[in-house]
Amino acid sequence: MKFFKKIRQKMLTESKFRKYLLYAIGEIILVVIGILIALSINNWNEKQKELAKEQLILKQLNSEYQSNLNQLDQKILMRNEALEACNNVLNHIDNPNSIKEDEFYQSLWILFRDPTFDPIKNDIVGSENLRLINNDTLVRFLSNWSSEVFQVQELELEYQKFRTEILLPCYLRLGVSRNVNNNLWKDGYTPTEALDKESKKKFTIKPTKKSLNLNKILEDVELEGIVSQVITHHQVTNIQSQTLRMRIINMLEIIEREIKK
């Protein structure tokens with residue numbers, strides 16, 4: 001800077017104003033270029049930081065939505081098992097002479113389960129981290145995720161209410177609850193949704209000593225209607241769940257592509 005100052009002073013003392021003016025303009029241009037280069041480097045550094053942060057977010061999302069997919073598949077499986085159990089109960093109702101008692105009680109238990117999807121919650125939507133994601137389609141999917149999950153959860157809550165207010169009172173009225181639970185635990189039971197799939201618990205309840213007429217139970221019109229309603233409810237919920245499943249798969253495909261860039 002002292003060097004440039006000496007040049008300017010020399011030009012002014014020698015009355016070379018025109019040359020001084022050109023020199024001053026050149027000096028300004030050099031300063032501006034230097035500032036622009038510095039800003040460009042700073043912007044590049046900031047962009048690299050944002051890209052690195054985006055990759056961390058994408059990897060986190062990949063892990064979370066893979067877990068969500070696994071859990072959703074589990075709930076779909078549970079409803080499919082319930083649909084098979086419903087068909088089994090209806091088959092016993094339609095063919096009371098060929099009833100298999102253990103199979104019948106097992107089916108009644110499977111109907112009583114209530115699959116509920118509870119995905120991992122993250123704070124990306126609604127935070128500044130969302131702007132770091134460059135893929136617009138993924139941003140849209142993430143923004144719509146909560147409302148789409150709610151549609152499935154709403155149906156699940158309806159079934160929980162149905163199970164508590166209609167299915168359970170029917171079992172109690174028919175007097176089958178003890179036998180249903182005894183059949184569940186007597187040989188050991190591991191829930192489909194169990195965290196430890198290797199654990200198989202046994203518990204002795206023993207069947208009721210009261211006189212139960214299974215043929216009369218199979219003639220119960222309310223039970224038949226309830227089973228039919230369970231079929232419709234699980235089918236509708238699985239239709240919604242399959243749509244949500246495809247959404248997760250689409251999101252995972254986008255995330256994996258963005259990670260590999």
Side-chain angles (χ1 to χ4, degrees), residues 71-118 149-194 200-245:
Q71 187 195 152
L72 185 61
D73 282 343
Q74 185 183 82
K75 307 309 177 184
I76 292 171
L77 171 63
M78 289 175 70
R79 291 191 200 96
N80 284 335
E81 289 173 347
L83 290 170
E84 290 181 14
C86 286
N87 287 330
N88 184 274
V89 173
L90 291 178
N91 184 57
H92 279 93
I93 290 172
D94 293 339
N95 303 280
N97 294 327
S98 58
I99 187 169
K100 298 176 182 177
E101 191 171 336
D102 284 353
E103 190 177 295
F104 176 70
Y105 288 137
Q106 181 183 20
S107 295
L108 290 183
W109 162 250
I110 294 173
L111 264 67
F112 195 69
R113 296 185 307 179
D114 62 326
T116 52
F117 179 53
D118 186 23
V149 168
F150 181 72
Q151 292 178 40
V152 172
Q153 290 178 330
E154 213 171 19
L155 291 169
E156 292 174 341
L157 288 172
E158 284 180 14
Y159 189 72
Q160 284 183 330
K161 186 176 180 181
F162 176 86
R163 184 186 74 149
T164 304
E165 297 181 1
I166 297 176
L167 186 57
L168 178 58
C170 179
Y171 284 8
L172 294 174
R173 178 179 60 80
L174 294 173
V176 297
S177 290
R178 180 170 178 176
N179 285 3
V180 167
N181 284 282
N182 173 65
N183 188 74
L184 172 69
W185 292 105
K186 67 177 183 178
D187 296 322
Y189 174 61
T190 303
T192 304
E193 67 276 21
K200 194 168 187 178
K201 302 295 182 182
K202 290 185 179 183
F203 193 82
T204 302
I205 298 177
K206 295 183 180 179
T208 181
K209 293 184 178 180
K210 304 291 190 299
S211 176
L212 275 183
N213 187 334
L214 280 180
N215 284 325
K216 188 175 180 181
I217 291 171
L218 294 174
E219 291 173 359
D220 190 85
V221 177
E222 184 185 5
L223 176 63
E224 185 177 29
I226 287 172
V227 173
S228 300
Q229 191 61 42
V230 171
I231 290 175
T232 297
H233 194 282
H234 281 333
Q235 285 280 37
V236 171
T237 307
N238 266 359
I239 289 171
Q240 290 289 75
S241 296
Q242 288 291 352
T243 301
L244 193 62
R245 186 179 189 277

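Keep in mind the model is a prediction, meaning the values are calculated, not measured. The figures that follow rest on heavy atoms only: side chains count, while hydrogens, waters and symmetry mates do not.
Within the model, atoms NE2 of His234 and CD of Gln229 stand 11.0 Å from one another, a figure rounded to the nearest 0.5 Å. Rounded to the nearest 0.5 angstrom, Ile76 CD1 and Ile239 CD1 are separated by 11.5 Å. Considering OG1 of Thr237 and CG of Leu244, their distance stands at 12.0 Å, rounded to 0.5 Å. A distance of 12.5 Å separates OG of Ser177 from CG of Asn182, quoted to the nearest 0.5 Å. In this structure, Leu184 CG and Leu108 CG are separated by 12.0 Å, a value rounded to the nearest 0.5 Å. Atom CD1 of residue Ile99 and atom CD1 of residue Ile217 lie 8.0 Å apart, to the nearest 0.5 angstrom.
For Asn95 (side chain) and Asn91 (main-chain N/O), a donor-acceptor pair under 3.5 Å exists by modelled atom type. Here the side chain of Arg178 pairs a donor or acceptor atom with the backbone of Ile205 at under 3.5 angstrom. Judged by distance alone, with hydrogens and angles left aside, the side-chain atoms of Arg79 form no donor-acceptor pair with the main-chain N or O of Gln235 at under 3.5 Å. In terms of modelled atom types and a separation under 3.5 Å, the side chain of Tyr171 and the main chain of Val180 share no donor-acceptor contact. Judged purely by atom type and a 3.5 angstrom limit, Gln160 has no side-chain atom pairing as donor or acceptor with the backbone of Asp114.
Sequence neighbours left out, the pairs with a member in residues 99-108 that pass side chain to side chain donor-acceptor pair (under 3.5 Å) are Asn88-Glu103, Asn88-Ser107, Asp102-Lys186, Tyr105-Asn179. Here salt bridge (charged side-chain N to carboxylate O under 4.0 Å, His left out) pairs that include residues 168-177, with residues two or more places apart or in two chains, are Arg173-Asp220, Arg173-Glu222. Counting only residues at least two apart or in different chains, salt bridge (charged side-chain N to carboxylate O under 4.0 Å, His left out) contacts with residues 232-243 are absent. Counting only residues at least two apart or in different chains, salt bridge (charged side-chain N to carboxylate O under 4.0 Å, His left out) contacts with residues 80-99 comprise Glu81-Arg113.
Closest non-hydrogen pair, Phe112 versus Arg163, comes out as O-CD, 2.6 Å. In plain terms, the two heavy atoms of Leu218 and Ile93 that are nearest each other are O-CG2, 3.5 Å. Of all non-hydrogen atoms in Leu174 and Leu212, the two that sit nearest each other are O-CD2, 3.6 Å. Contact between Ala85 and Leu111 at its shortest, heavy atoms only, is CB-CD1, 3.6 Å. Scanning all heavy atoms of the two residues, the minimum distance from Ser241 to Leu72 falls at O-CD2, 3.5 Å.
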(message) Set out, in order, the CA-CA distance, both residues' side-chain angles and the distance that settles side-chain contact (heavy atoms from CB on, under 4.5 Å) for Asn181 and Phe203, then state yes or no.
(response) CA-CA 10 Å; Asn181 284 282; Phe203 193 82; over 6 Å; no
(request) Please test Glu158 against Leu155 for side-chain contact (heavy atoms from CB on, under 4.5 Å), starting from the C-alpha separation and ending with a verdict. (result) CA-CA 5 Å; Glu158 284 180 14; Leu155 291 169; 4.1 Å; yes
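Between His233 and Tyr159, the ring planes lie tilted relative to each other; the angle falls in the 30° to 60° range.
Under the rule for a side-chain hydrogen bond (donor to acceptor under 3.5 Å, both in side chains), Gln153 has no partner lying at least two apart in sequence or in another chain. Not a single salt bridge (charged side-chain N to carboxylate O under 4.0 Å, His left out) links Lys161 to another residue, sequence neighbours left out.
You'll find the side chain of Ile231 reaches within 4.5 Å of the side chain of Leu90, heavy atoms only. Residues Val230 and Phe162 form a side-chain contact, since some pair of their non-hydrogen atoms from C-beta on lies under 4.5 Å apart. Side-chain atoms of Val89 and His92, non-hydrogen and from C-beta on, never get closer than 4.5 Å to each other.
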